[in-house]
Structures are given as C-alpha cells and as structure tokens.
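To start, the structure itself, in structure tokens.
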There are 2 protein chains.
Amino acid sequence: MIDLEALRSLRAVAEEGSVVAAAAALGYTPSAVSQQVKRLERDTGLPMLERVGRGVVLSRAGAQLVEDGTRLLTDLESLESDLHRQAEQAAGHLRLGTFSTATRGLVAPALAALATSEPLLRVTVTELEPWDAIAHVATGRQDAAVVHAWGDVALDVPEHLERTVVMRERADLVVRPDHPFAGRESVTARDLLGVTWVATPEGTICRQWLSRMYDGTGARPRVAHVAGEFDSHLALVAAGLGVSLVPRLGRSDLAAVPGGPLVAVPVVEPVPTRTVSFVSRRSMAGSPAVTALREALSRG
Amino acid sequence: MIDLEALRSLRAVAEEGSVVAAAAALGYTPSAVSQQVKRLERDTGLPMLERVGRGVVLSRAGAQLVEDGTRLLTDLESLESDLHRQAEQAAGHLRLGTFSTATRGLVAPALAALATSEPLLRVTVTELEPWDAIAHVATGRQDAAVVHAWGDVALDVPEHLERTVVMRERADLVVRPDHPFAGRESVTARDLLGVTWVATPEGTICRQWLSRMYDGTGARPRVAHVAGEFDSHLALVAAGLGVSLVPRLGRSDLAAVPGGPLVAVPVVEPVPTRTVSFVSRRSMAGSPAVTALREALSRG
DNA sequence: ATTCGGTAGCATCGCTGCATGATCGATCTG
DNA sequence: CAGATCGATCATGCAGCGATGCTACCGAAT
C-alpha cells in the first residue's frame, strides 16, 4: 500500500523542485526524502524520479502520482478535520431506528425542524420494532432509536444504553358512529370484554398491551382481524368488522377515513398509556449530534 | 497523519464485527489490530471502539472514519492500479510544447486522431519557441515537444532527451501575382538578393534561417517588416510591402488571403528545408503514452 | 582544474509495530 | 454458583525500517 507520508514528500519534491528544498520544507533531511521516494518506487515498482543534470525531475509515474495523489491528501486532511468538528458540533450522520407510528407522527416533523436548526446533521431512518431497534443500537448497527412501551410492560435496555422518555401518549378505542360505545364519555377495560378486536400482529408491543389489559379479568381478547398498520385497522373498523385500540400519535384524521367517519372513545381503568423513549449508546449520548437529535424529538 | 493501513484494519473490524475476525481476515493477530486501532485513537484523539459485552462496537468517530475513509481507501487502490495501467497503456496526461505553425498544421489534426485511437490519453498543448520547449522538456515542465530546425541550423538537445524527426517540409517564396517572380517555376537564393523582406522577429529560428540563406553572398537580407505570425506576413505581402518566406505547414490558403490572392514560388539552391522533430525525455520515450503521441505526430 | 551545489549510498541508532503469552472481563454451561 | 470459554487488551521481546550524519560521486559554473 502506498504510504501517504511518502507521497507528501514526493509532492514536495515536485513543488519545490529538488530533494533538498523539499526536505527543508517538510523539516526532514534530504536523505530521508530520498529514501521515502525510494520506498514509493519499491512499493509501486515504478520509477518516480530521474536525475537530470545535477537535479531531479519527476518521471511520468511520479508526475501522475503527485497529480492524482494531491486530491487524496487533501481528502485525508478534510476527513481528519471533519472528524474533529463532528466531535464538538452537531454534524455528520446518525442512523435512527423508529417504530411505524412514531415515524410519521413524531420523527418526521422533528427531523424537518432539525434540518433547519442543524443543517450539518444528517439522519437516516429505519423502521424497526422496539426490541430490534434496541438490539441494533446495542450492537452499533444503529446509533439511536425511538422505542415505545405500553404502560407497565418493561422494556429492558442493556446497561451500556441510555434511555430518556420523549413523550407519553395514550390510545383510544376507535369505533363506528353507530357502535353502542360511540356516544360514551369513556369506556373501561371491563366494558370491552365482549368486543371483537382488530389487533396488531402477535409479537408486537401493541398486541402485548392489548392482552395485558385483560389480565385479572380471566378472559382473553377476541381478535378477529390482524393488521400491522393502524390505517388498515381504521379501514377494518369502518367496514364494521370490529373495534381497535389506536394510539393518538400518528393517527389519521378519523373524520376522513374512507368508509365513513369514525369516532374515538377514551379508555380508562386502566388508561392505555404508552411511553415513547429515545435510546442511544451511553458513550455517545453526550455528543452534540445525539443531543441535538434527542432534544428535537423531545420538543416534538 | 492518519495511517491508512490502520484505517483498513478499523474497517475490517466494522465489517467483520470483531477484532479477532478482522485480524483473521487481514492476516494479522488480534493484538496487532487492537494496536492499530489504538494508534488511530492516539493520532486523532478520539475513541474508535467501545467494549460492549465481550465484543466491541464502533464509536461514533469510528463509524464516521470508516464511512468516509472507505472512499479514500478505494481511491487509493484505483490510483495505484491507474498508475500501473498507465505504465503499460497509452493513458494519462501528457504536456506537449509546440511551435505556432505546427500547432495548427500538424498537432491539431494529430491530436484529433489520437483522441479517437487512444481515448484514455489526454494531451495539453502549450506554444513555445523550440529552445524554450526543449528546456521545458529537459526540466520536466513539459513531457514532450514538437520543435523545428531550418536546414543545417543545429538544434542541440541535452543528452537525456531523445529527438526523432517527424517530418521535413519546405518553405516557398510568397509574392503578389504582379510581382516579377510570380510566374517563375522557381527562384534561387541569388535571385533574392535585392528583394525586400517581411520576416519573423530577431531571435526566431525562421529569422536565423533567412540570414543563413545569404551566407556566402556577402549581402544581408533587407528586412523592412517584422511580424511573428505568418498570417500577418501574408497581409503585408498582399499590401505590396515586400515578399516573405513561408513554410507550407500550417499556411493559410493563399487564394483566400484578404487583399487579393497571393502565389507561392518554390525556392531552390538552396531548398529551404525545415526539419520538424519530436523531443521527449529519454526515460519516458519508450512509454506507451509517449510512443502513441510520437506516432500520431509522425503519421500527420 | 577546482569549487560548489546537489543527490545517492552506507553504517549506525532509535523508534515503532507486530507477535507471543498472560490477564481481565463477560458470557455460557454443567 | 463455579468452571469453562471466548474476546479484547496489556506487557514484553524482537525484528525491521526509517532518520541521521557522513561520504562519494556527478554535473555545472568559475
């Protein structure tokens, strides 16, 4: 592999016109520069300098190496300065894992604001289930994640990750206007024992919470339909196929759902509360970039 | 300065997921890789890896260094392969010094042909008087040159340069159609003793040859007008201000000269012959690029 | 012919980077 | 819960390589 240190010496020879001048410019001895050039010639197998008169002239290969390599050297320098700048500024590239409703309801507006307040910071979003997101952050495949946990469902994050609550939100029961619950101020978990559910797939956090709501009642929720996205839930509810528990975050306008308007009824006893958290590795939690991202999401 | 060898190891860690795997992939011991990463951290002052569990994860700075540095590494590899390819192929960049009439009459068409036959070869042209051109080639400021020498006027090139004749051409006497010589088959140097000349500036090779033509006659050419470019000569001749000795190479169409058509009369005894040569440093005279350029010019 | 400027080559020294083996910490297993 | 295993790091020894300083040599200028 070509040694960039030696390449810099060769460039100095090209610019200064002689080995001594180059050595003086770089603070080396002429012999050192000569040996570095020799090393380049050994590494590439091509001659770099040729003696002419009592001086040297760059060979064709040498001239080309300098011409092309100069760009490399400046790239390396700018890379190095970028590295230091991004350690103190909110700049660079962050990979954020999010879950679906947060993507549209929370992350998108936050990133839009961030794009103007921190123009040097680039964030790429990947949708992931919370446990996957946490695993990705833990192993470095993501830099941070937005995760959620329903009420008391524990979300255990590894020791080297840091978690801060971004917001708390709740879910409502969504029904058709002609449903018996449509006019109610609120409904309780006990009221819901007999209803037919449109639920999220087995294994999702939302599904877990639905099951947990039935704890102590001895019953299990009757799930008739399964859909991953809440917009699909709304369509199924509008079609009269069941009711759904839909979080407010990222929820579509219920009045504009195809198939007729729907209504949301607050649920109490227990209130289905969801905690949305920001997770990042503890080591970079204090970095300006991560801090800026976390605060942008907290403001949202 | 960042060591690219160490950067390659860091990239391997990022790709393989662990120090041992990276070491195995690169043929090092894990300790060596660990030490290289340590060196990167020392050079940049930023942490690159952080321990998590019994493995490692790239830090923010490390991830960024890999992301940005990968481009640098591939650039370096392509630079290296370019270097070797240009040593065996006609490719890259050559700087050619030429004199004015050759630029339009010889070099331009040759380069046009070369552009299609050797698309990887880029040639930039600079107009120079022959002696300047030779000096530039000798000192490496040009890679090759097209030079000319009139008849027996010696053109001494340094030992480390190589000179090959590209073409020989001759000059004609250019006069107005109403000039006494206009109808002649040819004229001799003796015939020209009394004429009034439009000549090139003192110090040019063309001017030297004009003087040389008078050697042995005891006379000196009567130069009334001096112009650097032969198109100006033609205008002056057309205006009836004298006659001129104009080489055929790169000569404008005499019938289309503003101020009336002109005629060319061959000169004999001696025939004003000009030798056009290609000059390059001996060390790169054999390279494919220079060979291609020389042959393109020889075909012209 | 001599001097001067400049590069290449050589012997020596010092540093650095790799390998080896040991240590520490964390996970997995019986 | 203890032992085993795996992975990273640390300490040490060694080898190689590059810088230094000197000398030799070459070309150009005086």
Side-chain angles (χ1 to χ4, degrees), chain A residues 1-10 12-44 47-59 62 135 138-140 156-161 281-283, chain B residues 1-10 12-43 47-59 62 134-135 138-140 156-161 281-283:
Chain A
M1 179 179 289
I2 290 179
D3 180 11
L4 289 191
E5 200 84 25
L7 203 160
R8 199 172 57 174
S9 289
L10 183 69
V13 172
E15 284 172 354
E16 305 290 334
S18 81
V19 174
V20 261
L26 295 174
Y28 290 142
T29 61
S31 178
V33 173
S34 180
Q35 289 186 49
Q36 286 188 348
V37 174
K38 278 267 174 299
R39 193 186 338 153
L40 278 181
E41 293 181 337
R42 191 198 45 163
D43 287 348
T44 62
M48 293 290 149
L49 292 181
E50 51 191 76
R51 300 204 49 165
V52 31
R54 62 183 177 188
V56 287
V57 166
L58 266 73
S59 74
T139 58
D156 57 331
V157 298
E159 178 56 30
H160 68 289
L161 298 192
R281 280 193 297 285
R282 206 170 283 281
S283 62
Chain B
M1 179 180 289
I2 289 179
D3 180 9
L4 289 191
E5 200 83 24
L7 203 160
R8 198 173 59 174
S9 289
L10 184 68
V13 172
E15 283 172 354
E16 306 289 334
S18 79
V19 173
V20 266
L26 294 173
Y28 290 139
T29 61
S31 178
V33 172
S34 179
Q35 291 181 50
Q36 287 188 349
V37 173
K38 277 268 173 299
R39 207 162 63 229
L40 279 180
E41 294 181 338
R42 177 176 54 85
D43 288 348
M48 293 290 150
L49 292 181
E50 51 191 76
R51 299 205 52 163
V52 31
R54 60 184 180 191
V56 286
V57 166
L58 267 73
S59 74
I134 288 175
T139 58
D156 56 333
V157 297
E159 178 57 30
H160 68 289
L161 298 192
R281 281 194 296 284
R282 203 171 286 281
S283 61

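Here is the naming used below: chain letters follow the sequence lines, and residue numbers restart at 1 for every chain.
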Nearest-Å distance for atom pair CG/C1', residues Asp43(B) and dT16(C):
12 Å
Length of the CD-P vector between Glu50(B) and dA8(D), whole Å:
14 Å
Sequence-distant partners of Ser18(B), side-chain contact (heavy atoms from CB on, under 4.5 Å), two or more places apart
Val20(B), Ala21(B)
Which residues satisfy the salt bridge (charged side-chain N to carboxylate O under 4.0 Å, His left out) test with [X], sequence neighbours excluded?
| X | value |
| --- | --- |
| Asp43(B) | none |
| Glu16(A) | none |
| Arg54(B) | none |

With Glu41(B) via side-chain hydrogen bond (donor to acceptor under 3.5 Å, both in side chains) - residues at least two apart
none
Using a cut-off of 4.0 Å between protein heavy atoms and nucleotide atoms, how would you tag nucleotides 17-30 of chain C 5' to 3' with B, S and -?
SBBB----BBB---
Look at Ser34(B) and dT9(D) and indicate whether a side-chain polar atom (N or O) is within less than 4.0 Å of OP1 or OP2.
yes
